[in-house]
Each structure stands twice: as structure tokens, then as C-alpha cells.
> 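The structure follows.
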Number of protein chains: 2
Amino acid sequence: MKHYSKQKRMLVAVDSIIFGFDGHELKLLLIQRGFEPEKGKWSLMGGFVGPEEDFEQAGARILKQLTGLKNVYIEQLYAFGEPTRDPEDRTVSIAYFALIDIGKYEKQISDDFHAEWFSLNKIPKLIFDHSRMVKMAKEKLRYKAAFHPILFELMPEKFTLPQLYNLYTGVYDTVLDKRNFTRKILSTKLLVKQKEKEKEGSKKGAFYYKLDKRRYDSQFHSFLNFIPNPDNLK
Amino acid sequence: MKHYSKQKRMLVAVDSIIFGFDGHELKLLLIQRGFEPEKGKWSLMGGFVGPEEDFEQAGARILKQLTGLKNVYIEQLYAFGEPTRDPEDRTVSIAYFALIDIGKYEKQISDDFHAEWFSLNKIPKLIFDHSRMVKMAKEKLRYKAAFHPILFELMPEKFTLPQLYNLYTGVYDTVLDKRNFTRKILSTKLLVKQKEKEKEGSKKGAFYYKLDKRRYDSQFHSFLNFIPNPDNLK
DNA sequence: GCAAAAGTGTTTTTGTTACACCCATGA
DNA sequence: TCATGGGTGTAACAAAAACACTTTTGC
């Protein structure tokens, strides 16, 4: 304490942009705050970083609290620190984005907040700078998913190629050539075809695939070029 | 204050990883601290975020203080927050990396620190988690420079293709095919050939080039694919 | 005249894109 | 039997990679 005593201290929070995919479109998990300030307004899930915690621990704790999930994909997005971003008090926010298997999500009982999934094009007004955080998270997800197989984190254990196709076209808000898409995905050797078919979505049914976990882990950082002309992603 | 009063407050600092290029190799600017704690040890340049400042302002202020430069390329790298990363007190560090034209750098007179440029493979032991920050900055620079023309930020107004070649091979610690490299660089149309030659580096002399600032700004986010097989960049 | 670094084209290989029809099934 | 969505191959084109010799000039 002796050397830094003149410096201003700040609150430090972690806010999580939580993405899920329901087989048709990408969704975002938001909470309606049950506490002041901004009680009743829509918000990202967040919380203050505890005295003995690092950011990852705080992020994991918050995610667990809201979704019941642990060991999910979570990655630091950006640190936000405008002096007045939280009008109540100087608060720095370390934003993380998480990708979860929406099927594993279970609504938590809590008085503090009530959570809901939103389609990405129907996001309500959010408190503070949370809309900016969401925008940035979408950009980063697009950027990263163009090269790395990160979107598989959103899929259930067994999934079909049409589902995956829906996810990619949704994330990039574009149509992709179905044959080229299939070829590219399968050429990564990341997927293992199952014998069963998914029969809900269509009459013919679509084959299930599973991730080859070994290959996935080892190729995660490789450049797989999922998206044609990834220009202008930012 | 009324709602957050129970939360722990922390110090928030900005640390800058400052890269420069002398025409031959990539360098890092470090300071030897003239103040406690860790007086005399090598460190990144940093400082606390002031009560009315955001991170970018703090980063710019710190960079100006050490290098005399303003309006240089600076980008947020990562937020570090392990509870004991600074043994003195709980301090969160928002790390930024900066790319400067080493020729414009002018040593600042200050009692507080004495600065020196280091080759990237001769970095001394650094305080706290600064070595980890440097490592991460190198990785991010490699990643980003593989797709975006960011390394031009390190060059002086006029530079030669051999200098640029040295920079790229240095950053990726690899040899590149000279003809393919030249073709790729020139095919971006980002460079304008000058009439004069640089005569210091060789007998024959190498033509100077300048950045086409307009094109550079508009293509900055495009994917230019500078590096063959960018796999395993992380 | 020779050492040292700059500059320059072509061929091969690889990857990307464009494109359209048949299949399986439940209603 | 037909409507719906699933599944599949090929040819043209574009981009990347491999490869070596000539030029200039200061010493």
C-alpha cells in the first residue's frame, strides 16, 4: 500500500456475452435486472470481481450462476473503462464472450434476475455500454469463426450438417453454396458421421455428426478458411 | 456509491508493449524503473489510469511521456487481473501494444525511468507478469500481421522492399521467397515507388517506397494474406 | 573484376468457385 | 404422388508456391 496510496481505486466487473444456438438461429442470453441501479432493464449478465478471484474465475462463476454450466468456452473480449460508463460509480468492465450448448442450459431459479434468450436481430435496449459490447462480440465471433472451428462450441454433441449450415449462414447473414460448404466442413476431418439420422427437421432426415475431439483440439488454432471472401469482417 | 459500496476497489493501470523497427530487426522499448517497488528492474512502460481518463487516453499519455510521440498506432491487447500479479497491491493492468516509427522516437529526459530498445530475442527478465504480456503481444502481432498491413506502422515515411522483407522474416522468424513476397506486397497496391534509392544498405541501392495512405486506410481491415501457411500462429 | 545485395517471370500445384439434379420420406 | 428438405460431382478459374539468373556498383 505504501507506494500506490495516492491512486484512485475502481470497481472491476466482468460482463458476459453469452451465445447459444437452437438449431435455427444464433441467440443471446440476457437478464432483466432485479436490483438497483437500472432495476427492470435488460442487461448482460455480470458481476464484480472478488478480492481473491481472477477474471476467468469471476467469468466462470457468473456463467455458472446464470446457466448452471461450467467448463464452457469463454474468451476475453475487451476491457471497457470510460469514466462514466456506469453513472453510479467508476467501474471497469472486462467483457467475456461465451459459447454454450443451448440444450444444456437450464434456467436458474433466482430472485436477482430473470433470463431470456433473444434472437440477435431482436435485442432490446441494454443498460450502460452493453449494446456496444454485444456488437463487438458479434464482430469478434464472425472474425474468429471465419478461420477457426469455434462455432462447434455452440453445437450439441450430435448435430446435423443442415443445422451447422444454418448457424454459419446466420452468423454471416449470407447464403453459402451448400455443396461447397459441406465439402469444406468435411475436408477438415473434424466431423465423424453417425449411423443415426435426426428426423424432426425433415421427412428424409439428416445424418448426425459428432466432433472428433482429438482433431478438434489439435486443429483449433489452424486456419481453416470457412468463409469465402472474408473481407470487411473488421 | 449507494449500491456498490460493499465491493472491493482495485487499482487500474495501463501497460504498453512498444514495438519499433530499425530497418534490420524488430525491437521492444523497455524502461528501468527509477521508483519503488522494483526500482532498477526492467519493465514495460505503464501508469495508473486517472480518475477522468479512459484507457486509450491513459495509454496515449504514457506513450507520449516515454517517446514524445502522439497519434501512433495503439491497440488494446488484453486485461490482466490475477490477484497477486502485483505483490504490492491488487492492480488490474490493461495492456496495450503500440507500433512506432523508431526514427521518430526521441529519448525523453526523466528522472523516473531510463529507456532502452531491446532485440526481441534479448529481452531481460521483466517485473510482475510483463514477460507474459510481451509474449502475448508478439503472438497477436504475428496473427494480425498475417492478414492486415499493420507492420507498415513500424516503417518510416520512405522505406525499401528489402527493409520490409527483413521485418516480415523477423516477425515470423522464417525465410520467405523474395519474389513471391515482392509480388504479394506490390499486388496490394498499397505502395508507391519513389524515384530515389536508399544507398546506405548496399552498393546497388534499393528503391524507396511510400505508403498510399488512402488505400492503406481503406484496406486496413481487408484480408491480404501476407504469410504463406499461417497455420499454428495461435 | 569481384563480392554483395537488388531486382525480376514462368510453370506447377493447389484451392476456390460456380453450378443442377436425384433421393428419401411422411403426409 | 407430391412436397419438402437432404445429399452429392465436375469443370473452370484463381491464387499460391517453387524455382535461378541477371543487374548494379563500390571496393
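In what follows, chains are A, B, ... by sequence order, proteins preceding strands, each numbered from 1. Note that the structure is predicted; figures quoted are calculated from it, not measured.
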> Of all residues at least two apart in sequence or in a different chain, which pass the salt bridge (charged side-chain N to carboxylate O under 4.0 Å, His left out) check with K27(A)?
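Checked K27(A) against salt bridge (charged side-chain N to carboxylate O under 4.0 Å, His left out); matches are D22(A).
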> Can you measure L176(A) atom CG to dA18(C) atom P for me and round it to whole angstrom units?
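After rounding, the reported distance stands at 11 Å.
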> Side chain of R183(B) only, heavy atoms from C-beta on: which candidate in dT17(C), dG7(D), dA17(D) is closest?
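Selected nucleotide (nearest to the side chain): dA17(D).
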> Give the rounded distance in Å between these two atoms: CD of E200(A) and C1' of dT4(D).
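Taking CD of E200(A) and C1' of dT4(D), I get 16 Å after rounding.
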> What's the NZ-P distance between K184(B) and dA15(D), to the nearest Å?
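In whole Å, dA15(D) P and K184(B) NZ are 12 Å from each other.
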> Taking the nucleotide of DNA chain C with the closest heavy atom to each, which residue, K178(B) or R179(A), is nearer the 5' end?
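Taking each residue's closest nucleotide, the earlier one in sequence belongs to K178(B).
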> Let me test you: for the helix from dG1(C)-dC27(D) to dA27(C)-dT1(D), what is the angle between the axes at its two ends (five pairs each), rounded to 10 degrees?
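Computed angle between terminal axes is 0°.
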> In whole angstroms, how far is the C1' atom of dA16(D) from the CZ atom of F223(B)?
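So the CZ-C1' distance, F223(B) to dA16(D), works out to 18 Å.
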> If you assign each of N180(B) and P162(A) to its closest nucleotide in DNA chain D, which residue comes earlier from the 5' end?
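Closer to the 5' end of DNA chain D: P162(A).
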> Taking ring-ring contact (aromatic ring centres under 6.0 Å, His included) as the definition, give me every residue that meets it alongside Y73(B), ordered by chain and number, with sequence neighbours left out.
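If we apply the ring-ring contact (aromatic ring centres under 6.0 Å, His included) test to Y73(B), skipping adjacent residues, there are no hits.
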> For K189(A), I'd like to know if atom NZ has over 12 heavy atoms of other residues, nucleotides or ligands within 6.0 Å.
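No, not enclosed.
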> How many whole angstroms separate atom CG of D177(A) from atom C1' of dT16(C)?
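It works out to 11 Å between those atoms.
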> Run the side chain to side chain donor-acceptor pair (under 3.5 Å) test on Y216(A) and E153(A) for me, step by step, so that the C-alpha distance in whole Å, both residues' side-chain angles and the decisive distance to 0.1 Å come before the verdict.
CA-CA 11 Å; Y216(A) 177 73; E153(A) 298 288 340; 2.6 Å; yes
> Please give, in whole Å, the distance from dA5(C) C1' to E198(B) CD?
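The distance from CD of E198(B) to C1' of dA5(C) comes to 11 Å, rounded to the nearest Å.
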> Holding to salt bridge (charged side-chain N to carboxylate O under 4.0 Å, His left out), I want the full list of residues that pass it with K213(B), two or more places apart in sequence or in another chain.
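By the salt bridge (charged side-chain N to carboxylate O under 4.0 Å, His left out) rule, K213(B) matches D217(B).
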> The criterion is salt bridge (charged side-chain N to carboxylate O under 4.0 Å, His left out); which residues satisfy it with K158(B), sequence neighbours excluded?
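In terms of salt bridge (charged side-chain N to carboxylate O under 4.0 Å, His left out), with neighbours along the sequence ignored, K158(B) is linked to E196(B).
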> How long is the line joining CG of L186(B) and P of dT8(C), in whole Å?
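My rounded result for the distance is 8 Å.
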> Polar-atom pairs under 3.5 Å, protein N or O versus N or O of nucleotides 23-27 of chain D: list them with distances, or write none.
from, atom 1, to, atom 2, distance (Å)
dT23(D), O2, K204(B), NZ, 3.0

> If I take atom NZ in residue K193(B) and atom C1' in nucleotide dT8(C), what distance separates them, rounded to the nearest angstrom?
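It works out to 10 Å between those atoms.
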> Who pairs with E157(A) by salt bridge (charged side-chain N to carboxylate O under 4.0 Å, His left out), at least two apart in sequence or on another chain?
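With neighbours one apart ignored, the set is K210(A).
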> Scan residues 60-71 of chain A for pairs that pass side-chain hydrogen bond (donor to acceptor under 3.5 Å, both in side chains), counting only residues two or more places apart or in two chains.
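For residues 60-71 of chain A, and leaving out neighbouring residues, the side-chain hydrogen bond (donor to acceptor under 3.5 Å, both in side chains) pairs sorted by first residue read E53(A)-R61(A).
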> What residues, two or more places apart in sequence or in another chain, satisfy side-chain contact (heavy atoms from CB on, under 4.5 Å) together with D101(B)?
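D101(B): side-chain contact (heavy atoms from CB on, under 4.5 Å) contacts with K104(B), P156(B).
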